[in-house]
Amino acid sequence: MGEADIARRGIRIAIDRGGTFTDCVGNPGTGKMEDDVLIKLLSVDPSNYDDAPLEGIRRLLSKFTGHEIPRGEPLDTSKIESIRMGTTVATNALLERKGEDIAMVVTKGFKDCLAIGNQSRPNIFALDIQKPEVLYKKVVEINERVTLEDYAEDPARNETKAPSVEEAGNNADLVRGLSGEAVRILQKPDEGNIRKQLKEVYDSGLKSIAVCLMHGYTYPSHEALVGKIAKEIGFEHVSLSHELMPMIKLVPRATSACADAYLTPAIRKYIDGFSKGFEGGLGTKSVKREEGSKGARCEFMQSDGGLVDVDIFSGLKAILSGPAGGVVGYALTSYDPQTKIPVIGFDMGGTSTDVSRYGAGRYDHVFETTTAGVTIQSPQLDINTVAAGGGSRLFWKNGLFVVGPESAGAHPGPACYRKGGPLTITDANLFLGRLLPDFFPKIFGKNEDEGLDADASEKLFKELAKSINKEVAGDNKDKEMSLDEVAHGFIKIANETMTRPIRSLTEARGHDTSKHRLATFGGAGGQHAVAIAEALGISQILVHRYSSVLSAYGMALADVVDERQEPESKVWSDEKDVREYLQNKMKELKSKSTATLRDQGFEEEQIHFEEYLNLRYRGTESALMVIKPSKEEAEQEFDGDDWAFGKAFVKQHEQEFGFTLPDRDIIVDDVRARGIGKTFEGLEKTVDQQLKEVKPKDLSKDEKQYAKRSVYFEGGRQETAIYKLEDLAVGDRIKGPAIIADGTQTIVVTPGASALLIDTHVVINIGESDGQDKQIDTKEVDPILLSIFAHRFMAIAEQMGRALQKTSVSTNVKERLDYSCALFDSDGGLVANAPHLPVHLGSMSTCVRKQASIWKGKLKKGDVLVSNHPMFGGTHLPDITVITPAFSGDKIIFYVASRAHHADIGGILPGSMPPHSRELFQEGAAIKSEKLVSEGKFDEKRITELLLDEPAQYPGCSGTRCLSDNLNDLKAQIAANQKGINLINTLMSDYGEEVVRFYMTNIQHNAEMSVRSLLKEVYKRFEGQDLSAIDFMDDGSPIKLKVSIDPDKGEAVFDFSGTGPEVYGNINAPEAVTYSAIIYCLRCLISEDIPLNQGCLTPIHVLIPKKSFLSPSDNAAVVGGNVLTSQRVTDVVLKAFKACAASQGDTNNLTFGFGGTSFAEGSKERTDTKGFGYYETIAGGSGAGPTWNGTSGVHTHMTNTRITDSEVFERRYPVILREFGLRENSRGRGMHDGGDGVIRDIEFRIPVQVSILSERRVYHPYGLEGGGDAECGLNIWVRKVDKKQIDKRSDTAEPVAKDEEGASTHGAVERLQTKDAQLAPDEKNEEVEYRYINLGAKNTAAMKPGERIIIYTPGGGAWGQAGEESQAVKKQDPREAWRQGSVAGRQMTAEASA
């Protein structure tokens, strides 16, 4: 190629710097695919070059210009049109915690907001809770405060009018924020103090700060002031949260600001070093320069799939920089805008497998994701790591084949990499003949010149197969598994592990996986693609010719993007004024975006926009980012109205969630404009156009074959043809079994599938299944099938859960995911349950078994049962269980059930969780055993009587306060059960009823054997002594336990004799709760991922004395049993096993609100007052153990609910959150300290009824092995008393006892110049005294405006005597580096609903 050709367009270079390899794609300026040059080099090779991308560019320039450029010589940019890069610099800095040292600046009272986070723990069954470390070195608390004047749950819908900041001037107390909401300024910041505080930080050596103040997203003035002062002092980098992402939610916004301050300096350092390698410099400014060498355009890929100029690339938007290129690559090469077939991206590399989805011609974005333990609030492509890629390690654990999540990493890598690594998926593929050493680069061994070592893989498989066969076959040689069967077993389990989250990604958004294509890329994708596609019901796979460098190719195709967003609070309306207001806001954002893109060299005609409104129904949190309808869509669907955002939202809501709420307002949360500088005009021909035009030609038997190999497929080894990709022509079609390979990828075409070559892709069409049908034996357990069925049963429970969430209406189910779905064998024994809410684990099967025995022989097809009574396997009344039997002929062969927490089912208080109930009827509707559906007919009349009429007959009680939500959620539970039955029927049609039932039994047997092994180990550890423990509830009720183990059988008796009698209160716990606590503790003690089912309880015999408060009578109140007593049972079991010190042993249930149903005394007339109710549980400290310290500010054991974000809390309710931080020195002290509790200080702005239901206010959380106890909790009511009513003779009030925190619980006289608009004029300027009153553990009080509740939660106990040498071990979660998009977000939400 001549210099003249290059000069015409200029060289274009795209680079993806990955963890192991750096991929480069260069084009001389023709834009034609055949002129592209591909280079793959090691990302780190210090003996040869300093920087891989620079080295790649040097090699490409040498190739295109025809003369070798020496290393180290600055590169001439005059011939380069553009360089585009994706980089892992930010991700690596985050993972390795090697960013810039920073300080965080936050509003006073919130210094620990990131340490507490959302208060849930990452692994529900880990006793040693590991929370990610915070990114900052110091925190500065600024004495400033604003809040929102109105609240969203106000039944009167009051809206305060306020002037804008410009109109109001500097001294105003009330202004209009950016979101249109009225903002009350409670405390203005003092510039002098801020300067002093920041100067101290600067002088300590920190030069980068993150600023995030309460409600800064709508009122940024205080943040801007801090930023101005910081820059004047000389800070090198200042990240202001409102500039980065002006969205509500303090914690994610503060984390994002910290991540930006932490990562941007690291990225700038890298870019500065990189730019020095070029003669004319890089970026738009260098291109525009008049003098000296002309620079080259240089853009970096952002996490949202758009490019940005090198000069404005920031840390916050760099986290998914590399993987984003791959998504752009497959999206633009595999999706056809004419046929509109959506695509699932499957990117399987050496160290991770990422999945994503592309449909409707636009990217799926998420706005809150977690990477390396850091939750970021910023638009990012919805990329989900589902496995550790080819490096996933292989294990034989507890009788099951297990793949990952641990990875062999790049070093040492798989066993076959010649570095002494462990067995991995790569080794299994190599051993089975699916990976060809001839095509793999020879970069291994001492001198880095050898190929893959197949002998190393075989040696380790022999060792593993030996231990598997010893356990499975014993001395029976006929039962032994061959090496091929073992290796293939692991491949099958790996595919099952990856399929579940892919299904979740698509189905959770209302899409059917089988209607997609699978686009596979990455080095290992081609070896698994067919099996993955078959499992998902997908019939066509697309493998791009550049699939192993598709991330780099994606950079070449991507557009430059400028994102703008502003908060909003308007109610959507088709009225002209609302539309015009929003259109003007959008116009402003677009003009800012246009200016930025024009600055980067784009002309008007190259700039396009995607316009979005972030919309939700009032009272819900499920906001949807709705794109402005296209002209075509507007014509077809919305009568030509292309601003029909409301209708588009309703349509999207229906698709994603399965229903709409026509009587509710639609709220606009954000206005967003995505400006796109177009550089890519579309491929010459799409896949579908090529498929139409291609003339397939089947290759004859030996035609174009490179070689033949013996390759293992289902059923045995087969002689398999090997083809080199470059030897094949467009139109060639190859029937499986076959392998197509080049230097960077291996594509396995299984028997029954065929591969067709087109210009850009290898297209695999899937025909019949892989191999022959094999008769499955039900006399002997096949460990591979057992592992597969463990996944399949869990997948069915998960899919039931998604069906329930999609069709339910209430916030509890749809958003908090407070539900469990499960399947049971024909006796009602639990087979699989998802998600794992500890309190549901043992109790659901108690319920199903009870109902099965009551209705034995009386049920027919189409019948559905309902129950929630504590004596019938219920936990507390709001948890309603719906049970559906499945029949084969007249015989019940299994049951499915779903349990959901209903927001209200009647009783004395809204929410049906009263802190002071004495009898069961006060807690709402109690259903022992009823038919909800009879032979397909829903009995609405009877369920309405049970929920609405019957509870209201008791004194002071109401029926359910939200009947329509109850009915909708019950119907959703029925639909979820039906989904489960359909899925098991499909499983039975695939494998046969006998096989499925055989493995239902054996998966329980597998869990049973794990528990038996645990009990035998415990017996040895304690040398045969009986284990015993006692602990007390705050009212003095003892829970006493003695555990006696039979070491030969591996069985144990859990004897609770000596436990206190039933209580005239609500801490009674149904027996089912104790069973759940025992299963939870056993699973924690096993500390392996075993199937959680009925088998766990088979070796356990539980003795609970009747009429004790762990086995109360029919009418005993139980609401506290589920949330408080369950925690104490857990404490007692773990104490008996000497597993760890006590955690806070409490959930600190706080409720407040007003309104509801009331009856006039002596009258049956009901008064309904519109109001609201709020419920939360509050974290505390976790207990230390033999190898760990406790964790502060976290939920423990039987609960894991998230806390409402502080800003959302104040937006929705009439409160001011004065403080939410860690309670220092509340932990137990010892060799390993416990964790600290928290302080939560809430001021109410209107009169409300406040209730607290808590424990550990009297008995301390215990330490173990000489460790100190933690502090008890304390609930304080800060009560306002009129001074006129205080005895004038007393000069000062007697101080009330001060708690150990110095919580200023003394009488304090304060003069309040109150600014609260809620107060009447005559109440202003009054002299009041504040009294600090201890509410005790369980109480309710009517609080007035300005009064507060301060909750001090208990800490965790310590382990070992203080002064002893610490034995603490820091564990690394193998999933920490995984990209956690919507799939992981969903999983975390589910586990945080306990």
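Judged as a salt bridge (Lys or Arg N to Asp or Glu O under 4.0 Å), and not counting sequence neighbours, Lys466 has no contacts. Remark: Asp1046 pairs with no residue by the side chain to side chain donor-acceptor pair (under 3.5 Å) rule, at least two apart or across chains. Scored by the side chain to side chain donor-acceptor pair (under 3.5 Å) test, Arg517 finds Gln540, Asp688 as partners (sequence neighbours excluded). In this structure Ser845 satisfies the side-chain contact (heavy atoms from CB on, under 4.5 Å) test together with Phe824, Leu830, Gln1094, sequence neighbours excluded. The side chain to side chain donor-acceptor pair (under 3.5 Å) search around Glu1071 returns Lys1106, Ser1111, not counting sequence neighbours. Every side-chain contact (heavy atoms from CB on, under 4.5 Å) that Ala465 has, sequence neighbours left out, goes to Asn469, Leu483, Val486. The ring pair (Phe, Tyr, Trp, His ring centres under 6.0 Å) search around Tyr712 returns His488, not counting sequence neighbours. Every residue two or more places apart in sequence or in another chain that forms a side-chain contact (heavy atoms from CB on, under 4.5 Å) with Lys931 is listed here: Trp855, Leu859, Asp863, Leu865, Ser934. Listed by chain and number, the residues in a side chain to side chain donor-acceptor pair (under 3.5 Å) with Arg393 amount to none (sequence neighbours excluded). Listed by chain and residue number, nothing satisfies the ring pair (Phe, Tyr, Trp, His ring centres under 6.0 Å) test with Tyr895 (two or more places apart in sequence, or in another chain). Partners of Ser867 by side-chain contact (heavy atoms from CB on, under 4.5 Å), not counting sequence neighbours, listed by chain and number: Cys847, Gln851, Phe872.
Ring-plane geometry between Trp396 and Phe401 is classed as perpendicular, the angle between the planes exceeding 60 degrees on a 0 to 90 degree scale with a lower cut at 30.
Screening residues 985-999 for salt bridge (charged side-chain N to carboxylate O under 4.0 Å, His left out) gives Glu993-Arg997 as the qualifying pairs, with residues at least two apart or on separate chains.
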